[in-house]
Structures are given as C-alpha cells and as structure tokens.
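In what follows, chains carry the letters A, B, and so on, assigned in the order in which the sequence lines appear, proteins first and then strands, with residues in each chain numbered from 1. Keep in mind that this is a model prediction, so the values were computed, not measured.
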2 protein chains.
Amino acid sequence: MEPHEPDLTDIPVTIVLAALADDVRLQIVRALAEGGEHACGSFDFGVSKATRSHHLKVLREAGLTRTRAAGTSRLVRLRRDELDRLYPGLLDAVLSTRTPA
Amino acid sequence: MEPHEPDLTDIPVTIVLAALADDVRLQIVRALAEGGEHACGSFDFGVSKATRSHHLKVLREAGLTRTRAAGTSRLVRLRRDELDRLYPGLLDAVLSTRTPA
DNA sequence: ACCCTTGTTCGACAATAATCGAACAACGCC
DNA sequence: GGCGTTGTTCGATTATTGTCGAACAAGGGT
C-alpha cells in the first residue's frame, strides 16, 4: 500500500502547524530543507526508530513530505513548492529560527 | 500581578506554532487580526469561559498577544508588528486560510 | 454595602500525543 | 534459502493538553 499523501488543500492549517510544533519533527524538516531526498534512517535525533517512524508519518499525513520506496530504504523529501504556494512565508519563517536552545 | 508577556525572542518557535495549532485559538487570532483591542468575553467560540481564559493564557505566554486591564474587562491585542518582524510571513500565511471546515 | 459583570484559578476528567520495545514485513545479497 | 538491513505496526506506558464546573477576585454601578 502506498503511504497516503493527502492533497495539501484538504488539510486544515492547524494540522500543518501541529506537525511543525515538535522539536524532533522540526529537526527533520530542517534537514529536509537542505534539499533532496533523505533516507529515514538518516534522521538520528535521539529517538528510537519506532518514534522516528511515527514522526515521519505525522509529517507525511500533514502533507509536509512525500515518501517513495527505494530498495529497503524509503526516501523522504519536503513538499516545498506546494507548501510555499499554499502558505507563502510559513516555511521560511519557521526555518529561519536557530536550533532550539 | 501582571500577566507575564515574555520577550518573543525567548520563545522557541515550536511554542508559537503549538499556540497556533488549535482551532479555538486560531479563531481568536483571526478575530484579533482584524485589529485593535478585544475584550476576552468577545470571543465566543462555543467553549466555557474557563476554557477561553486558558486559551488566552496560552496565546499570551507564547508571545502572541498582550493584555491590559480595563475596568472589569481585560483587553487583548495581537503582537503583530513583533511577530511580523521575527517571523515574516508566518501570520499572513496562517491567516490566509479559510475558516476550518 | 450589595450585587452583577468579567475573568482567573483550581481540581478533576477525558482525549490526544510522544515514547519505547518487540514483533513483523520487504528487500537485497551471499 | 537464510541473513542482515531498513522501516512499519502493535500494544503499553507516560506526558501533555483541552475541557468543564465551581470557587474566587476585582471593578463598577446603584
């Protein structure tokens, strides 16, 4: 089954904001904002792989990321263009902040 | 005691995002974005006054609003200038969305 | 002084969300 | 086929958060 990646316009903005309102997920988004595709395993932020998988699911279901299978890995990327079109300035504003103290 | 209204730069962005990631609070922010000062009681979004007071506290402590006493009321206003300076585009992006379905 | 209005605070409770280990699934490789 | 790697899912636990009613506090009338 494909991981369901909803249409961004179907997602209430509160869901998007809630997805971004977590330190671990924000670190993931920061990493993804560097560009390109990242394997799930490349995000090591001090949580178990179960927790990491959970956070990636939250991001995906909030419409923030897309995922595709590649061998035994899964490659994740930020839906930057769509996000910037629907919420101009949001990602920039969030990413402009320094790493949380 | 004065309600403590922190310096915006002291507040992790995740706190700001979490404050905005709630339907009731977002409706309050939308109303405040119309400009000017609003009495707490003017926000009737189907929750009790205890809950409303709680949400206003969350917004205040996240640095999104300022409150001043005026007689028996309290007047709340959005810290728009500061927010736009620190997070350019964030409020606009969030407020541009239509009322949640 | 009394009361009404406006908010806040205090438990308490319910719902949501973060976290983990363990079990499971899919893939590639030897 | 069997094994290691990479992720996901399940069930349980804990922490956080939204919600309310009731009690309280501060003001402004009259």
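- Phosphate contact (OP1/OP2 of D:dT19, side-chain N/O of B:Ser48, threshold under 4.0 Å): absent.
- For the pair A:Asp22 CG and D:dT16 P, the interatomic distance rounds to 12 Å; values are reported in whole Å.
- Distance CZ (A:Arg60) to C1' (D:dT9): 12 Å, rounded to an integer number of Å.
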Could you pull out the protein-nucleic contacts involving nucleotides 3-7 of chain C (nitrogen or oxygen on both sides, under 3.5 Å)?
{"from": "C:dT5", "atom 1": "O2", "to": "B:Thr72", "atom 2": "OG1", "distance (Å)": "3.4"}
{"from": "C:dT6", "atom 1": "O4'", "to": "B:Thr72", "atom 2": "OG1", "distance (Å)": "2.7"}
{"from": "C:dG7", "atom 1": "OP1", "to": "B:Cys40", "atom 2": "N", "distance (Å)": "3.2"}
{"from": "C:dG7", "atom 1": "OP1", "to": "B:Gly41", "atom 2": "N", "distance (Å)": "3.4"}
{"from": "C:dG7", "atom 1": "OP2", "to": "B:Gly41", "atom 2": "N", "distance (Å)": "2.8"}
{"from": "C:dG7", "atom 1": "N7", "to": "B:Lys49", "atom 2": "NZ", "distance (Å)": "3.1"}
{"from": "C:dG7", "atom 1": "O6", "to": "B:Lys49", "atom 2": "NZ", "distance (Å)": "2.8"}

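- Atom CD in A:Glu37 sits roughly 17 Å away from atom P in D:dT6 (whole-Å rounding).
- For the atom pair A:Asp92 CG and B:Tyr87 OH, the distance stands at 14.0 Å (nearest 0.5 Å).
- For A:Arg68 and D:dT6, the CZ to P distance is 17 Å, given to the nearest whole Å.
- Distance B:Arg25 CZ to D:dT19 C1': 12 Å, rounded to the nearest Å.
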What pairs of nitrogen or oxygen atoms, one from the protein and one from nucleotides 13-15 of chain D, lie under 3.5 Å apart?
none

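- Residue A:Leu56 contributes atom CG, which lies 7 Å from atom P of D:dT8 at whole-angstrom precision.
- Under the 3.5 Å distance criterion, the side-chain polar atoms of B:Ser53 are left unmatched by any main-chain donor or acceptor of B:Ala50.
- Annotation for A:Asp81: atom CG does not count as buried by contact number, only 12 or fewer foreign heavy atoms lying within 6.0 Å.
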Could I get a table of every N or O pair under 3.5 Å where one atom is in the protein and the other is in nucleotides 11-16 of chain C?
none

Discussion item. Would B:Leu64 and B:Val58 count as a side chain to side chain contact (heavy atoms under 4.5 Å, CB included) here? Give the steps.
Written reply: CA-CA 9 Å; B:Leu64 290 167; B:Val58 172; over 6 Å; no

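- Tested against A:Val29 for a side chain to side chain contact (heavy atoms under 4.5 Å, CB included), the candidates A:Asp22, A:Leu91, A:Thr65, A:Val24 yield a single pass: A:Leu91.
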Discussion item. If you apply the rule side chain to side chain contact (heavy atoms under 4.5 Å, CB included), what do you find for A:Val76 with A:Arg66, and how did you get there?
Written reply: CA-CA 6 Å; A:Val76 184; A:Arg66 289 196 188 276; over 6 Å; no

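- Between the P atom of C:dA18 and the CD atom of A:Glu61 lies a distance of 12 Å, rounded to the nearest Å.
- Using a 4.5 Å cut-off on side-chain heavy atoms (C-beta onward), B:His55 and B:Ile28 make contact.
- Judged purely by atom type and a 3.5 angstrom limit, A:Arg25 uses its side chain to pair as donor or acceptor with the backbone of A:Ala18.
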Discussion item. For A:Thr67 and A:Glu5: C-alpha separation, side-chain torsions, deciding distance, then whether side chain to side chain contact (heavy atoms under 4.5 Å, CB included) applies.
Written reply: CA-CA 8 Å; A:Thr67 306; A:Glu5 293 168 347; 3.9 Å; yes

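- Atoms CD1 (A:Ile15) and C1' (C:dA17) sit 12 Å apart, rounded to a whole Å.
- Closest approach to the B:Ala50 side chain among D:dC20, D:dT9, C:dT19 is made by D:dC20 (side chain taken as heavy atoms from C-beta onward).
- Mapped onto DNA chain C by nearest heavy atom, A:Val58 and A:Gly71 fall at different nucleotides, with A:Val58 at the one closer to the 5' end.
- Between the A:Arg52 side chain and the A:Phe43 main chain, a donor and an acceptor come within less than 3.5 Å of each other.
- Of the listed residues (B:Arg79, B:Arg85, B:Arg80), just one forms a side-chain hydrogen bond (donor to acceptor under 3.5 Å, both in side chains) with B:Glu82, and that residue is B:Arg79.
- A:Gly63 approaches A:Leu83 most closely through the heavy-atom pair O-CD2, 4.5 Å.
- Looking at heavy-atom distances under 4.0 Å, B:His55 makes contact with sugar-phosphate atoms alone, never a base.
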